[in-house]
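Please read the structure below before turning to the comments.
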Amino acid sequence: MEQISIIVPCYNEQEALPYFSKEIIRIADQLPAYEFQIVFVNDGSKDKTLELLKSYEKSDPRIHYISFSRNFGKEAAMYAGFRYATGDYVAVMDADMQDPPALLPDMLQIIKSGEYDSVATRRENRDGEPPIRSFFARKFYKIINKISDADVVDGARDFRLMNRKMVDAICSMGEYNRFSKGIFGWVGFRTYWLPYKNVERVAGETKWSFWKLFKYAMDGIINFSQVPLSIASWFGVIMTGISAIMFILLVAKKLFIGDPVDGWTSLICVIILIGGIQLFCLGIMGQYIAKTYMESKKRPHYIVAETDLEPHW
Ligand code: UDP
Ligand code: MG
């Protein structure tokens, strides 16, 4: 019998978990031809999430849990799930029902046809999201697709079903700074995009503030593109051009008109401008160096405090 692993990252999800667990069990029962392995990853929750997961694990042999020693973030939680999951097919979904488990049978059918290695989901609309957030999200997808080879689809969710080949490829990418939306695209394989209507979280609150999302977007760009690094060179070229023109103009003015002392204000403006651009470029470089520094430490992505599973990868 083929096995399906479902990875569910959970951070303070005590309100949503009762709904989610009921729904995923209902779906699992609908697909008796498959053996289910449901892996909840408790990402250092501060509420009753772990207690709930442990009680689920006791009551149903299909349910398992991995519990982190603290909050390591959703990326780490997904990576842990991928490494512990043993299924022939592996799916990731959120605990808040924004990734409807009811789509699973359709996704399974598409992947079983053998034409695709993964079925990914994409939100058709962004209803229920603050407009400013949607605006920046759209801009982010435009930019990252232009300047990287990550191939990230606008509205793409982390919710997807993959076959073993693709999961193994993802597990083999052990980078510390993980940006899964980019990783899924980077490993390649044939992906079917399944659109669906945005669903609002069933209970509890989103863990993402605007600032956290902004940082996430920046990380995504830095992790999958070297283009920001070349911004410094471009500024250099442009500045050199401008200064060459000004040099000629000012020398000509001095020779033909005189008055060499004029221009203190413009001089200060130029100094501040160039100083600002230099600091900006240094900052970009600093971001890359910081990533390299974290990468070179080879710290684990997460620390497991307790689990009922054995790592697979
Ligand atoms: N999550 C996690 N660790 C975190 C933040 C979030 O495991 O540090 C989980 C969370 O429990 C949920 C999923 O990631 O299952 C998506 O989080 P959320 O619903 O808050 O994000 P949104 O849907 O608003 O983008
Ligand atoms: Mg959500």
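Residue numbers start at 1 and run along the sequence shown. All ligand and atom numbering here is 1-based and tracks the order in the structure.
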- Ser180 side chain to Glu75 side chain, donor-acceptor N/O pair below 3.5 angstrom: yes
- Query: Quick one: which ligand 1 atoms are inside 4.0 Å of a heavy atom on Gln98?
  - Reply: 19 (O), 22 (P), 23 (O)
- Considering only heavy atoms of Asp96, which atoms of ligand 1 have at least one such atom less than 4.0 Å away? 19 (O), 23 (O)
- Please find out if less than 6.0 Å separates the ring center of His301 from that of Tyr79. yes
- Which protein non-hydrogen atom lies closest to atom 20 (O) of ligand 1, naming both residue and atom, and how far is it? Lys207 N, 2.7 Å
- Could you check whether the rings of Phe40 and Tyr56 sit parallel, tilted or perpendicular, using 30° and 60° as the cut-offs? tilted
- atom 7 (O) of ligand 1 has as its nearest protein heavy atom Pro9 CB, 3.4 Å
- Message: For the Mg ion (ligand 2), give me the closest N/O/S atom belonging to Asp96, just the atom name.
- Response: OD2
- Note on the structure: side-chain hydrogen bond (donor to acceptor under 3.5 Å, both in side chains) filter on Glu295, not counting sequence neighbours, yields Asn177
- Query: Can you tell me which residue and heavy atom of the protein come closest to atom 24 (O) of ligand 1, and the distance to 0.1 Å?
  - Reply: Thr206 OG1, 2.6 Å
- Message: Using a 3.5 Å cut-off on N or O atoms only, is Asn71 in polar contact with ligand 1?
- Response: yes
- Task: Begin with the C-alpha distance, continue with both residues' side-chain angles, and end with the deciding distance and a verdict on side-chain contact (heavy atoms from CB on, under 4.5 Å) for Asp154 and Arg122.
- Result: CA-CA 8 Å; Asp154 185 5; Arg122 187 170 65 78; over 6 Å; no
- Task: Please work out which of the three classes, parallel, tilted or perpendicular, describes the rings of Phe68 and Phe72, given edges at 30° and 60°.
- Result: perpendicular
- Message: So, regarding Ala77 and ligand 1 (criterion: nitrogen or oxygen to nitrogen or oxygen, under 3.5 Å), is there a contact or not?
- Response: no
- Note on the structure: atom 25 (O) of ligand 1 sits nearest the protein heavy atom Trp208 CD1, 3.5 Å
- Logged contact type for Cys10 with ligand 1, heavy-atom cut-off 4.0 Å, is backbone
- Message: At under 4.0 Å between heavy atoms, is it the side chain or the backbone of Asp43 that contacts ligand 1, or both, or neither?
- Response: side chain
- Nearest neighbour of atom 14 (O) of ligand 1 from the list Arg157, Met97, Lys74, Lys212, on a heavy-atom basis: Lys74
- Message: Among all the protein's non-hydrogen atoms, which is closest to atom 16 (C) of ligand 1, and how far away is it?
- Response: Asp94 OD2, 3.2 Å
- Heavy-atom contacts with Glu13 under 4.0 Å: which atoms of ligand 1 show up? List them by number with element. 10 (C), 11 (O), 12 (C), 15 (O)
- Pair Gln3, Thr86: side-chain N/O donor-acceptor within cut-off below 3.5 Å: yes
- Note on the structure: When distances are taken from atom 18 (P) of ligand 1, the protein heavy atom at minimum range is Arg201 NH2, 3.4 Å
- Residue pair Arg157 / Thr121, side-chain donor-acceptor N/O under 3.5 Å: no
- Distance-minimising heavy-atom pair for Ala102 and Arg26: CB-NH2, 4.5 Å
- Among all protein heavy atoms, pick the one closest to atom 1 (N) of ligand 1 and tell me residue, atom and distance. Tyr11 CB, 3.8 Å
- Task: Please determine if Arg123 forms a cation-pi arrangement with Tyr196, meaning its NZ or CZ atom is less than 6.0 Å from the six-membered ring centre and no more than 45° off the ring axis.
- Result: no
